[in-house]
Amino acid sequence: MKNALWFVSFVASLGCRTPAAVSPRTTAAAPSLHELKWTPVVVSGAPQARHECAFVESGGRFYLLGGRREQPVNIFDPATSTWTEGPAAPMELHHFQAVSPPGDHRIWIIGALTGNYPDEPPVPQIYVYDTKSNVWSTAGEIPAARRRGAAGVSYHDGKFYLAGGLTEGHSGGFVPWLDSYDPATQTWTILPDAPRPRDHFQAGIVGETLVLAGGRTSSARTNEVLTLTIAEVDLYDIQKGTFTTLPAPAGNLPTRRAGTSTVVHDGLLYVLGGESGEQKPAHNHVEALDLKTGAWKILSPLHTGRHGTGALVWRGAIYTAAGSANRGGGPELSSLEALGANPR
C-alpha cells in the first residue's frame, strides 16, 4: 500500500511540472521600421534621373513617371531588382502626386503642371497610364476653374481627392481648394476649403481621414518660393465633410519643409525628404504621424536627402527613388533606397 501511494504521489508531482523540453517557444519579434535604417537598393539598369516626378506601385512593380522635361516611364521589378524602360510620356508632366487605386492596373495623374519655371500652367487633362498595355490615354478634363498642380491627391472608396495646389506655377496662385472626382461617373465635386492654402506637398488617407501635412505657399513674384513653409497639419473627415487642424505644437510637422513624399503604412502617415529655404541640401528627414495620439515620431533619415519625387509601400517596406539632391532643380537623382526591405 505504501508503495502504491508513493507512486500516485510521484505521478501527481510530474503533472505539476513543465519539462524544459516542452517549454513554449519564443520567437523574436521582427524589428519595426522605427528601428531600421534606410538602405540603398542594388539594381540592374537605371532609370532616367529626374525630379518633380511620381513614384508609384501597381501590380507588384514600381513606376517612375513624369518629371521636368518629357520623360519615359521607368519600371522597376522588385522580384529581379531590375529597371526597364516604358513608353514616353504624352507631354511634359511635372509636380503631381500620381495614384494607382487598389486593384486597378492604371496610374492616374490628376492635377499637374507643365512648361518651364516659373509660370508653369496647369494641365487641363486627366492622364492615365495603363500598366498592362503600356499605353497613355486621357480620362476627361479638370473643370477650368479648378485646374492646378503641385497638389496633394489621394484615393478612397471610389473617389480621388485633390487638395491645395498652384494655379499659376511657382509664380503664385496657391489655393486651399479641396475637390473629389468620381472616375466611374466622371463627376467633379467641389468640397469645403482647407483651413489654409498649401502646395508642394502630398496627401494621404488614414482610415476615413484625409491628412494634409507639409508644403508651402510658393510665390516667385515676391521672391518667396522656398521660405513660406507650413507647420500646421489639416485633417478632412471624409464622412462628416469637415476640416480640423491638429493642436500645436505636438501636431505640427516637426521639420517644416515642402517638396515632400507621403505614404501611409500600418496606420501611420510618413513624410519623407523635402526642401526649404533653411538649407541647400534636400532634407533627409523622415517623420511619422500617429493620428491616434496626434503626435509625430522621428525615424531614421534617408540615406540620400531628396525632394520632388514620391514614395511607396511594398511588402511592409517603404521605397523612394529619384528626386533632386539640392533644393530647387539639381542635381537630379536616379537612386533607389528602402526602409525595411532586404536590398539585393
Side-chain angles (χ1 to χ4, degrees), residues 52 54 94-99 110-113 118 120 122 142 146-154 160-180 190-206 209-238 242-249 251-264 269-278 282-283 285 287 289 291 294 296 307-311 327-328:
E52 307 305 355
H94 54 75
H95 287 86
F96 60 92
Q97 182 179 3
V99 178
I110 306 175
L113 299 178
E120 308 102 316
I142 299 171
R146 305 297 283 190
R147 293 172 186 169
R148 70 270 203 190
V153 182
S154 289
F160 293 95
Y161 291 85
L162 179 68
L166 289 167
T167 63
E168 302 170 30
H170 288 77
S171 295
F174 38 83
V175 293
W177 299 342
L178 176 65
D179 303 274
S180 69
I190 297 176
L191 300 172
D193 283 351
R196 71 204 83 246
R198 71 177 78 210
D199 58 80
H200 281 77
F201 78 105
Q202 294 182 356
I205 292 179
V206 180
T209 302
L210 175 69
V211 184
L212 313 182
R216 65 187 187 228
T217 50
S218 304
S219 179
R221 288 196 184 97
T222 58
N223 198 29
E224 295 174 297
V225 173
L226 297 168
T227 56
L228 302 178
T229 52
I230 297 170
E232 295 86 354
V233 175
D234 296 324
L235 310 177
Y236 178 72
D237 187 313
I238 295 174
T242 56
F243 269 105
T244 56
T245 300
L246 284 178
N252 285 356
L253 182 66
T255 308
R256 293 172 62 148
R257 59 207 197 274
T260 48
S261 302
T262 296
V263 293
V264 175
L269 180 124
Y270 292 78
V271 177
L272 290 67
E275 64 176 345
S276 70
E278 303 299 318
H283 285 265
H285 295 87
E287 297 159 343
L289 173 63
L291 279 185
W296 289 86
H307 75 88
T309 184
R327 69 188 182 198

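The first residue in the sequence is number 1, and the count goes up from there.
- Between the CG atom in Leu162 and the CG atom in Leu210 there is a gap of 10.0 Å [rounded to 0.5 Å].
- For the 3.5 Å distance criterion, the side chains of Arg216 and Ser218 qualify, holding a donor opposite an acceptor.
- Closest approach of Gly111 and Phe96 over heavy atoms only: O-CB, 3.4 Å.
- Applying side chain to side chain donor-acceptor pair (under 3.5 Å) to Ser276 and the options Arg257, His307, His283, Arg256 leaves one that passes, His283.
- One distance of note links CD1 of Ile230 with CZ of Arg198; it measures 4.5 Å at 0.5 Å rounding.
- Between Val264 and Ile205, the closest side-chain pair of non-hydrogen atoms is not below 4.5 Å.
- Here the side chains of Leu212 and Phe201 are in contact, with some heavy-atom distance below 4.5 Å.
- Here the straight-line distance linking atom CG of Leu235 with atom OG1 of Thr242 works out to 10.0 Å at 0.5 Å rounding.
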(request) Apply side chain to side chain contact (heavy atoms under 4.5 Å, CB included) to Glu278 and Thr229, showing your working. (result) CA-CA 10 Å; Glu278 303 299 318; Thr229 52; over 6 Å; no
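- Considering every non-hydrogen atom in both Ile110 and Val153, the closest pair reads O-CG2, 3.5 Å.
- When all heavy atoms of Arg148 and Val175 are compared, the pair lying nearest together is NE-CG2, 4.4 Å.
- Side-chain atoms of Arg147 come within 3.5 Å of backbone N or O of Ile142 as a donor-acceptor pair.
- Counting heavy atoms from C-beta outward, Phe174 and Leu228 have side chains that stay 4.5 Å or more apart.
- A donor-acceptor pair is defined here as one N or O able to donate and one able to accept, closer than 3.5 Å; no such pair exists between the side chain of Thr260 and the backbone of Val271.
- At least one side-chain heavy atom of Ile238 sits less than 4.5 Å from a side-chain heavy atom of Tyr236.
- Here the closest non-hydrogen pair linking Arg146 and Leu178 is NH2-O, 3.7 Å.
- Paired with Glu120 under the rule side chain to side chain donor-acceptor pair (under 3.5 Å), one option of His170, His94, His95 passes, and it is His170.
- Inter-residue side-chain proximity for Leu289 and Leu246 is flagged as met; some heavy-atom pair is nearer than 4.5 Å.
- A 4.5 Å side-chain heavy-atom check between Arg221 and Ser171 finds at least one atom pair inside the cut-off.
- Of the inter-residue distances, the one linking Leu226 atom CG with Arg327 atom CZ reads 6.0 Å to the nearest 0.5 angstrom.
- Across every non-hydrogen atom of Trp296 and Leu253, the tightest pair is CH2-CD1, 3.5 Å.
- The main-chain N or O of Thr309 is found under 3.5 Å from a side-chain atom of Ser261 such that the two form a donor-acceptor pair.
- With 3.5 Å as the limit, one finds a donor-acceptor pair spanning the side chains of Thr222 and Glu224.
- Not one N or O on the side chain of Gln202 forms a donor-acceptor pair closer than 3.5 Å with the backbone of Val263.
- Counting all heavy atoms, side chain and backbone alike, Phe243 lies closest to Asp193 at CD1-O, 3.3 Å.
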